[in-house]
Amino acid sequence: MSAVLNAVSLFLQFAEVCDALAATTKKLEKRALIASYLDGLEVDDASRAALWLCGMPFPETDTRALNVGGSLLSKGILHLSGAGDEALSEAYRRSGDLGAAGADLLYGRAPARASLTLAQVESAIAALAEARGPDPKLRLLLDLLARATAEEAKYLIKLITGNMRMGVKQALVEEAIAETWSAPVAVVRRADMLLGSLPEVVALAAVGRLDQASMKLFHPLGFMLASPVASVQEAIARFTEEVAAEHEQGAPAIAESALREAQIEDKFDGIRAQLHVAPQDSGPSRVALYSRNREDLSASFPELVEAFSSIAERAVLDGEILAWNPTNNRALPFSMLQQRLGRKRVTAEMLRDVPAAFVVFDVLYREDQLLLTEPLDHRRSVLEDFCTRWSPFTASAAVRGQSDLFTLQQNAAVPRLILSLATRLTSAAQLEDAYVGARARGNEGAMIKSLASTYQPGRRGLAWLKLKRELAILDVVVTGVEFGNGRRAQVLSDYTFAVRDTDSENPGDPARPVFKNIGKAYSGLTDQEIAEMTAWFRAHTLEDHGHFRIVEPLVVLEVAFNNLMRSTRHASGFALRFPRILRIRTDKPVAEIDTLRRVEEIYASQPDKPAGPVDA
Ligand code: AMP
């Protein structure tokens, strides 16, 4: 740490550092900028700054929310600048960012001298979160923005919207913390994962006590992801590679035994979720379910929360929420589960018609033991033990005699915590059977998991493979929309979509993914979905060309198709034959859509690909 510290740090300095960060795409430069900034701050200020640099007003473990949206911010900007709607829309169109637009309008109107400190901004943010209703929030927002220079207002607005747009991810801030306080990056990352709070990480780093971080529940850890494979043969080849890498031997030597080092499970078609549970001083345990997008899903699944509140142990489990049919003990189709998503109020009818269950396939933490670095076969035995102990208690609310008569009659036999069946893999033929069996049970395909693998949060490696139903499915993002024909002439029903071209991305600037269009589809969605999407796309249009609009790349679709062709029509160099939209994937972050590399792989594995310049 440097000897000279700023006793009181101004928010202006934070804003200037942010400007400098936005001005470079080089990761090393960004990291050095952050590290030297943090180094010059008192610990309390460094804690605040580290958090805000990631665009987070509050730490992950903090359940407070600002609930200040674009419209309230726009109102504040209009009020303080005296500008009209038109001027704001124009400024917004120039930058595509409300913070920059706000600053544009506030120049000359806002105070010229900076006085806001980081501590004052923190209190103002806390007050905003606490205020209830738009009017009190607007008053507080005006108070805060009125004290800010235009430059500061820019970053206050960005922070409130949660998007700094300067290519700084949490991982980079972790690295900068490591640099500032001379700690190994892995130790910083581990502490951040356990605590879910950058301010606490900074506080520990500053006193050299990062190793004392211990697990805090109720903030989602990253999910381990699987790599897709299209055939049993590909699965085995890939898996052999993985085992060979683990054993650091040549693949041929290991091929024979590789299979026996994996387990197979059904691949369930539901919503991936992480369950956190912890006993409280009195009453039922606290329970939360988090999605892959780090959203808290608990309110949508009250029956699961209620069922798991009888688990009297601290644990973090990984699994899939499914709509469950207790009569045949199988999952109901995903479309039924979808009806349960995003509801503020779950009706008794829904609880009855679409009962939810949690199929669990991994355990990350149990009673003070973090299990991430344990091999899967050990985690699996911990999980089996956990389920033997707690599944009976969670079977259904009715069994415990706590629910009303209605639930008692209808849902008495719904299991809520179901252990995913896992079988030791021994042969290719068995994998083929497992796949067919999974499909017959109404599931999507099969998963193959290396028994020696650790749980790698946020990583898509070869330790988990997913063998999916159809070769021809891609998760894509919508980049352009058009009005349809005939009765769809008034709605935006035709979608142009893209995959990610990770090879063309600037590794120093991961916040800017590169998308390459690959196709266009107009069938598969219901009229209601199209109506909702039309409203959404109107509000998220970047460029309006009349019939065609370029839209913000935020909507993820699952698209099926019959074949891939080389084509110059789209930037990806490929086109899809007979594409159809299977569903809107609200559960999937845009960063995780399929890549151009994946498209190349599918193309190369296509048995009936037209002869041409194929790089396989
Ligand atoms: P996808 O959503 O198509 O990228 O496939 C990966 C997803 O498979 C994971 O995120 C999980 O939601 C899901 N999944 C289904 N069954 C399993 C399982 N048995 N083990 C791990 N992941 C599973």
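Numbering of ligands and ligand atoms starts at 1, following listing order.
- Within 4.0 Å of ligand 1, protein heavy atoms come from Glu265, Asp266, Lys267, Phe268, Arg272, Arg292, Glu320, Phe361, Met447, Lys449, Trp464, Lys466, Lys468, Arg585, Lys588.
- In this structure, His276 and Phe218 have tilted ring planes: the angle between them lies in the 30° to 60° band.
- Considering only residues two or more places apart in sequence or on other chains, Asn517 meets the side-chain contact (heavy atoms from CB on, under 4.5 Å) condition with Thr479, Thr496, Ala498, His570.
- Remark: Arg566 is positioned above the aromatic ring of Tyr603, its terminal NZ or CZ atom under 6.0 angstrom from the ring centre and at most 45 degrees off the axis.
- Around atom CD of Gln369, no more than 12 heavy atoms belonging to other residues, nucleotides or ligands sit under 6.0 Å away.
- Judged by a 6.0 Å distance limit and a 45° cone about the ring axis, Arg416 is not positioned over the six-membered ring of Phe308.
- Taking the six-membered ring wherever Trp is involved, the centroid distance between the rings of Phe537 and Tyr495 falls below 6.0 Å.
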